[in-house]
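Residue indices begin at 1 and follow the sequence shown. On a predicted model such as this, the values are computed, not experimentally measured, just so you know. Atoms considered below: every heavy atom in the structure, side chains included; atoms not considered: hydrogens, waters and symmetry mates.
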Amino acid sequence: MNRAETNESPLRPRDLEEAAARLSERAGRLRSQLARTEEAASALRADCDLDAGDSGAKAMTLRELRTRAEADEALLERTAAALDRLRAGSFGICTRCGRPQGRERSLALPHTELCVVCAEEREAGPGG
């Protein structure tokens, strides 16, 4: 795929409104989920262990909660960055190469910062 293939129709004002609404909604959901995860972890830490089995189960559950929270935090950061790009007028522009990401990609993955070509290059890694 060459870079010209990523240039789809430009984003319209209605597209930007839709993206802003979706991103804001996602950010709210992620903040709520993070709060619930922290509440669950706090309650679990406060609970006393009756035996070694309880202790092991608690440790495993805390690891799972931490993993989920880390993923949610990363997505929240990307979502907030997309909202910042939207406010700055650079939403839908690849942060790596500066070319349009394409209307469909921008609307399907409003939190993404890279066009398809740059995302593929990053996934391929060095020498890929």
*Supply the atom-to-atom distance Arg85 CZ to Ser106 OG, rounded to the nearest 0.5 angstrom.*
9.0 Å
_Please give me the minimum heavy-atom distance between Leu23 and Phe91, naming the atom from each residue._
CD1-CE1, 4.0 Å
*Quick one: are Val116 and Gln101 in side-chain contact, heavy atoms under 4.5 Å?*
no
*How close do Arg122 and Leu114 get, heavy atom to heavy atom, and via which atoms?*
CZ-CD1, 3.5 Å
*Does the side chain of Ile93 come within less than 4.5 Å of Arg99's, by heavy atoms?*
no
*Taking the side chain from Arg29 and the backbone from Ser24, do they hold a donor-acceptor pair closer than 3.5 Å?*
no
_Distance, nearest 0.5 Å, that separates CZ of Arg22 from CG of Leu109_ = 8.0 Å
*Would you check, one step at a time, whether the test salt bridge (charged side-chain N to carboxylate O under 4.0 Å, His left out) holds for Glu113 with Arg96?*
CA-CA 8 Å; Glu113 60 185 31; Arg96 185 173 177 197; over 6 Å; no
*Would a 4.5 Å heavy-atom cut-off, applied to side chains only, mark Glu17 and Arg14 as touching?*
yes
*Non-hydrogen side-chain atoms of Leu75 and Arg26 separated by less than 4.5 Å*: yes
*asked:* So that I can tick it off, tell me whether Asp15 and Arg103 are bridged by a salt bridge, with the cut-off set at under 4.0 angstrom between side-chain N and carboxylate O.
replied: yes
*May I ask you to test the Cys115-Cys97 pair for a side-chain heavy-atom distance under 4.5 Å?*
yes
*Output, in order, the C-alpha distance, side-chain angles, deciding distance and verdict of side-chain contact (heavy atoms from CB on, under 4.5 Å) for Asp72 and Arg31.*
CA-CA 8 Å; Asp72 287 346; Arg31 286 184 187 102; over 6 Å; no
*List the atom of Leu86, the atom of Ala19, and the distance in Å for their closest heavy-atom pair.*
CD1-CB, 4.0 Å
*To the nearest 0.5 Å, what is the distance between CG (Leu30) and CZ (Arg78)?*
10.5 Å
*Spatial distance of atom CE (Met60) from atom OG (Ser55) [nearest 0.5 Å]*: 12.5 Å
*Write down the atom of Thr37, the atom of Ala69, and the distance for their closest heavy-atom approach.*
CG2-CB, 4.1 Å
*At what distance, to the nearest 0.5 angstrom, does CG of Leu34 lie from CD of Glu39?*
11.5 Å
*Nearest-0.5 Å distance that lies between atom CG in Leu107 and atom OG1 in Thr112*: 12.5 Å
